Amino acid sequence: TGDWYNAQQVEDTVTSLNELAGLFGYAFADVRPQFTRSRENLTMSVVFRVAETPRVYVERIDISGNTNTRDKVIRREFRLAEGDPFNSDRIQSLGYFQENLEITQEQGSAPDRVVLGVAVEEQATGQLQFSAGFSSLERFLVNLAVEQRNFRGLGQILRASVNYSSYSKSIELGFTEPYLFDRNIAVGFDLYRRDLNSFNF
């Protein structure tokens, strides 16, 4: 009350109400702003009328485009299972693959059922690093590191690195399972060996 009328703020409010409806399991909300203009007082009143709509449930999730990543790795990022209420906010914040992830909705076997279609595009999940240098103390230094953030298509992280110089040598191997027994529990380990030559130092 008392602010200047702003049409953009009205549209933003409609969008916010639709997003709020998605948190409670509604695919959309029938939000219709109604305006009452007073030419004498130079004011505008806005009433947001929200019609009740049926709750929509996910009947099935169809995934396509994943040539390496297994379906269950994508499904667990949805934070919902088939038969759960549709939650648009969590779907939009998936962000697991490319930024322009395409999620479509199709009518299911009943008016309150939707089929989600997820079209993904695999992106590189491996990383290779190589560096070399020279030190007056250790002379030549060489480092090689390899990491795979989607090992076996299961979202597991596998990493290995080797360091070599005239003063020290080391090798490291690490593994992380982000979903132990398909639960949101991460477990991992690191193995390493380091040899130091104090005489050279």
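Since the model is a prediction, treat every value here as computed from it, not as a measurement.
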Compare all side-chain heavy atoms of [X] with those of [Y] and state whether any distance is below 4.5 angstrom.
X: Gln107; Y: Val114; value: no
X: Val146; Y: Gln148; value: no
X: Glu147; Y: Ile157; value: yes
X: Asn66; Y: Glu122; value: yes
X: Leu141; Y: Tyr164; value: no
X: Val142; Y: Ser165; value: no

Please give me the minimum heavy-atom distance between [X] and [Y], naming the atom from each residue.
X: Gly108; Y: Val115; value: CA-CG2, 4.1 Å
X: Arg60; Y: Asp62; value: NE-OD1, 3.0 Å
X: Gly153; Y: Val73; value: O-CG2, 3.4 Å

Item to complete: Taking ring-ring contact (aromatic ring centres under 6.0 Å, His included) as the test, write out the residues that go with Phe181, two or more places apart.
Response: none
Worksheet entry | Residues in ring-ring contact (aromatic ring centres under 6.0 Å, His included) contact with Phe35, at least two apart in sequence or another chain | none
Item to complete: Quick one: which residue pairs count as a salt bridge (Lys or Arg N to Asp or Glu O under 4.0 Å) with a foot in residues 151-160, not counting sequence neighbours?
Response: Arg159-Asp190
Worksheet item: Under the salt bridge (Lys or Arg N to Asp or Glu O under 4.0 Å) rule, what pairs show up with a residue in residues 163-180, not counting sequence neighbours?
Response: Glu172-Arg194
Item to complete: Please step through side-chain contact (heavy atoms from CB on, under 4.5 Å) for the pair Val187 and Thr176, ending with a clear verdict.
Response: CA-CA 6 Å; Val187 62; Thr176 301; over 6 Å; no
Worksheet item: When hydrophobic residues are tied together by side-chain contacts of less than 4.5 Å, even through go-betweens, does Leu116 share a cluster with Ile63?
Response: yes
Interatomic distance, [X] atom [atom1] to [Y] atom [atom2] [nearest 0.5 angstrom]:
X: Ser168; Y: Asp195; atom1: OG; atom2: CG; value: 9.0 Å
X: Trp4; Y: Met44; atom1: CH2; atom2: CE; value: 13.0 Å
X: Leu17; Y: Asp30; atom1: CG; atom2: CG; value: 11.5 Å
X: Ile74; Y: Ser64; atom1: CD1; atom2: OG; value: 9.0 Å
X: Gln34; Y: Phe48; atom1: CD; atom2: CZ; value: 11.0 Å
X: Thr13; Y: Gln9; atom1: OG1; atom2: CD; value: 7.0 Å

With no hydrogens and no angle check, is any side-chain donor or acceptor of [X] less than 3.5 Å from a backbone partner on [Y]?
X: Arg75; Y: Ile61; value: yes
X: Glu59; Y: Arg113; value: no
X: Asn150; Y: Gly155; value: yes
X: Asn6; Y: Gln8; value: yes

Fill in: Qualifying ring pair (Phe, Tyr, Trp, His ring centres under 6.0 Å) pairs with a residue from residues 103-135, counting only residues at least two apart or across chains
Phe134-Phe140
Item to complete: Report the hydrophobic cluster partners of Leu173, with the cluster defined as I, L, V, M, F, W, Y residues connected by side-chain heavy atoms closer than 4.5 angstrom, directly or transitively.
Response: Phe151, Leu158, Phe175, Phe189, Leu191
